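Structure, as structure tokens:
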Amino acid sequence: CIHRAFYLLLPALATMLGFLSLNTHLMLGFLSLNTHLLRSRPPVALLVFLPLFWVPVFSADSQYEACGAYDCGPISIHYPFAVDDQRPEFCTSSGFNLNCTNNTPLLNLNNQLYQVTHIDYQTSTISVVAESIINTTECPNPRHNVTLDNSPFQYSAGVITLLVYTDCPASLSSLPPATCLGENSFAMPSGAAYPDDYRRCRFLVEVPVLERSDLRLSSDSYAGVVEAGFNVSWTADGCAPCMESGGRCGYNQSPPGFMCFCEDRPYPDACPPLYT
């Protein structure tokens, strides 16, 4: 029985010995070739050795990978904004929440929705228009004051408050008219002298708008001014240097604070130059 098992193993042993012999010849040939190259052309020898022994060990940081931009329609969303549940918490900052509905980014300011039309990360500015204005072909007719209370935003430079009066007495006809709102409706920038009879108007709404020189001059400018929306800003926390260095901005939970996620690992402010 032992002899029979030995004879059965002979083909396998022969194959293994042949494989070892072949590899031994290949290794000796390789060493002989590189010895010759090393003596005659050192640079060529290096070219032969390097591809065989230099193996990259770099792998991208998982937080860096997770904090890439999220595109909602034409708007690319980065830190500090969260988008529904699409971006991890460490890629965002508290209070900066957006919704992406039908490829349209929306910002909720005190229970009023605004469509985001542009985000400038260099100046920390976001441009918005009331969703109720965009989704109608009728004259923009605001019914609520816009406030930024309990939000991380403040009005940007160049934003003024427009006072919109509707259903006013005829005695106010000297004010700039908001023609599309109907008869005896008016709009004027905050800070102008209030008319004596303004309290007799049915509505007085304060609307933030971008400052325009023609607001006082054109009777048809009201709709265009309101439909252009306004800008709000947030306090920058060092994200620009991080992005300029190739990093992706994020927030460290413990200890709490800004963090720059780079391809190799996180850094406090920005990514260092690679391969220096």
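By convention here, the first residue in the shown sequence is residue 1. The structure presented is a predicted model; accordingly, all values stated were derived computationally and were not measured.
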Atom pair CD1/CG of Ile126 and Leu98 - distance to nearest 0.5 Å: 5.5 Å
Determine whether Asn231 and Ser127 make a side-chain contact, defined as any pair of heavy atoms from C-beta on separated by less than 4.5 Å. yes
Do you know which two heavy atoms are closest between Ala66 and Phe90, and how far apart they sit? CB-CZ, 3.9 Å
Exercise: identify the closest heavy-atom pair between Asp84 and Cys100: OD2-N, 3.3 Å
Do Leu113 and Phe230 land in one hydrophobic cluster if side-chain heavy atoms of ILVMFWY residues count as linked below 4.5 Å? no
Flag if over 12 foreign heavy atoms under 6.0 Å of CD, Glu138: no
Between Tyr114 and Val205, is there a shared hydrophobic cluster once you connect ILVMFWY residues whose side-chain heavy atoms come closer than 4.5 Å? no
Between Gln154 and Pro152, the two heavy atoms sitting closest are OE1-O, 3.9 Å
Nearest-0.5 Å distance, CG of residue Asn108 to CG of residue Asn110: 8.0 Å
Would Val164 and Leu181 count as a side-chain contact (heavy atoms from CB on, under 4.5 Å) if you check the C-alpha gap in whole Å, the side-chain angles of each, and the deciding distance to 0.1 Å? CA-CA 10 Å; Val164 181; Leu181 285 177; 3.7 Å; yes
So Ile160 and Val209, do their side chains get closer than 4.5 Å, heavy atoms only? yes
Are Leu162 and Tyr222 side-chain neighbours, meaning at least one heavy-atom pair lies under 4.5 Å? yes
Above 12 or not: heavy atoms from other molecules or residues under 6.0 Å from CD of Glu89? no
CG/Leu106 to CG/Asn97 distance, rounded to the nearest 0.5 angstrom? 12.5 Å
Test item: Met259 and Gln63 side chains (from C-beta on) under 4.5 Å apart, heavy atoms: no
Any side-chain donor-acceptor pair under 3.5 Å between Ser233 and Ser124? no
Within a strict 4.5 Å, meaning less than it, do heavy atoms of the Asp71 and Ser76 side chains meet? yes
So do Val116 and Ile77 actually touch side chain to side chain, heavy atoms under 4.5 Å? no
To check you understand the geometry: which heavy-atom pair defines the closest contact between Phe186 and Cys168, and what is its length? CE1-CB, 3.7 Å
Using only atom types and a distance under 3.5 Å, with no angle test, would you say the side chain of Arg87 pairs donor to acceptor with the backbone of Phe81? yes
ILVMFWY cluster, Tyr165 and Val146 together (side-chain gap under 4.5 Å): no
Should the SG of Cys249 and the SG of Cys242 be checked, would they turn out to be under 2.5 Å apart? no
Determine, using the 4.5 Å side-chain heavy-atom cutoff (strictly less than), whether Ile119 and Leu148 are members of one ILVMFWY cluster. yes
Go through Cys271 and Cys262 one step at a time and tell me if the disulfide bond (SG atoms under 2.5 Å apart) criterion holds. CA-CA 6 Å; Cys271 304; Cys262 304; 1.9 Å; yes
So, do Leu163 and Glu206 sit near enough that their side-chain heavy atoms are less than 4.5 Å apart? yes
Nearest-0.5 Å distance that lies between atom OH in Tyr251 and atom OG in Ser94: 8.0 Å
Axial cation check for Phe261 ring with Arg248, 6.0 Å and 45° limits: no
Could you tell me if the side chain of Asp269 sits less than 4.5 Å from the side chain of Pro241, heavy atoms only? no
Spatial distance of atom OH (Tyr121) from atom OH (Tyr79) [nearest 0.5 Å]: 12.0 Å
Which heavy atom in Thr166 sits nearest to a heavy atom in Cys201, and how many Å separate them? O-CB, 3.7 Å
Same apolar cluster: Val129 and Tyr155, side chain cutoff 4.5 Å: no
For the CD atom of Glu227 and the CD1 atom of Ile133, what is their distance to the nearest 0.5 Å? 7.0 Å
Which atom of Trp234 lies closest to which atom of Thr125, heavy atoms considered: CZ3-N, 3.5 Å
